[in-house]
*Asks:* 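I'd like to ask some things about the structure below.
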Amino acid sequence: SLAQLLFSEAEDSEDKGPSEVYVEQIDGGEDKLTLKHRSERVKQARAALRMSLMLREAACTSLSLSELCKRKLTLSGKAGAEEALRCADKAIEISGETFWDGDDVAIEADDEPVIDPKDEKNA
C-alpha cells in the first residue's frame, strides 16, 4: 500500500521511520549496504508517487514528492540537491491553490527523470 511504501519501518533500518528528524549526511564514506538501502528507499518513494498519481489524489502526490525529496537528499547529498528541490517545488505547487500538471509531476517517478531545459510553464 501507499502508506507502507512511504512509512514502513524495518528494525534494521538506518532511518527508523518518518519521525526521524536527523539522518547522517552523505560524505562519500558510506558502505555499500547503506547506499543500497538508501537507493531502495528512493525506489519506494518513486513507486508511491506513481501510485498517488494513479489515485489522482493531490495530498498523497504532494506527500510522495516530499518523501522523494528527502530520500534523494539522503542518497545523493549536495550532488542531488537540484533534483530534490525540484520535487519539493512540485509538492508545494500541488499543495497550493494553483493548477498543477500531473504529466510534469509524473516525470519525477522515472528512474532517470529527463527535464527539458527549455520547458516553461503555461499557467
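None of these values were measured; they are calculated from a predicted model.
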*Asks:* Could you grab the distance from atom OG of S62 to atom CD of E93, nearest 0.5 Å is fine?
*Replies:* 10.0 Å

*Asks:* Under the rule for side-chain contact (heavy atoms from CB on, under 4.5 Å), what residues qualify as partners of D111, not counting sequence neighbours?
*Replies:*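 D111: side-chain contact (heavy atoms from CB on, under 4.5 Å) contacts with R46.
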
*Asks:* Answer yes or no: is there an ion pair linking E67 with K70, defined by an N-O contact shorter than 4.0 Å?
*Replies:* yes

*Asks:* Could you tell me the separation between the CG atom of L68 and the CZ atom of R86, rounded to the nearest 0.5 Å?
*Replies:*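 Result: 9.5 Å between the selected atoms.
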
*Asks:* Which residues pass the side-chain contact (heavy atoms from CB on, under 4.5 Å) test with E57, not counting sequence neighbours?
*Replies:* L55, A59, C60

*Asks:* Would you compute the distance between atom CG of L75 and atom CD of E83 and round it to the nearest 0.5 angstrom?
*Replies:* 9.5 Å

*Asks:* Do the charged groups of E108 and K72 touch, with an N to O distance under 4.0 Å?
*Replies:*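 Yes, charged N to carboxylate O under 4.0 Å.
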
*Asks:* List in chain and number order the residues that pass side-chain contact (heavy atoms from CB on, under 4.5 Å) with D101, two or more places apart in sequence or in another chain; answer none if no residue qualifies.
*Replies:*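 D101: side-chain contact (heavy atoms from CB on, under 4.5 Å) contacts with F99, D103, D104.
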
*Asks:* Find the distance between CD (Q44) and OG (S39) and round it off to the nearest 0.5 Å.
*Replies:*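 Answer for the CD-OG pair, Q44 versus S39, is 10.0 Å.
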
*Asks:* Under the side-chain hydrogen bond (donor to acceptor under 3.5 Å, both in side chains) rule, collect the residues that match up with E40, sequence neighbours excluded.
*Replies:*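 For E40, no residue satisfies side-chain hydrogen bond (donor to acceptor under 3.5 Å, both in side chains) once neighbours in sequence are set aside.
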
*Asks:* Nearest 0.5 angstrom please: L49 CG to K90 NZ, how far?
*Replies:*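 Here the interatomic distance stands at 9.0 Å.
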
*Asks:* Considering residues at least two apart in sequence or located in another chain, which fulfil the side-chain contact (heavy atoms from CB on, under 4.5 Å) criterion with A58?
*Replies:* I94, W100

*Asks:* Go through the structure and list residues passing side-chain hydrogen bond (donor to acceptor under 3.5 Å, both in side chains) with R50, not counting sequence neighbours.
*Replies:*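 Applying side-chain hydrogen bond (donor to acceptor under 3.5 Å, both in side chains) to R50 gives none.
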
*Asks:* Rounded to the nearest 0.5 Å, what separates atom CE in M51 from atom OG1 in T61?
*Replies:* 11.5 Å

*Asks:* Of all the heavy-atom pairs spanning L53 and G102, show the shortest one and how long it is.
*Replies:*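 Shortest heavy-atom separation between L53 and G102 comes out as CD2-O, 4.1 Å.
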
*Asks:* Give a yes-or-no answer on whether the side chains of S52 and S64 include a donor-acceptor pair shorter than 3.5 Å.
*Replies:*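 Present: a donor and an acceptor within the cut-off.
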
*Asks:* Are the side chain of R41 and the backbone of R71 linked by a donor-acceptor contact shorter than 3.5 Å?
*Replies:* no

*Asks:* If only atom types and distance count, is the side chain of S76 paired as donor or acceptor with the main-chain N or O of L73 below 3.5 Å?
*Replies:* no

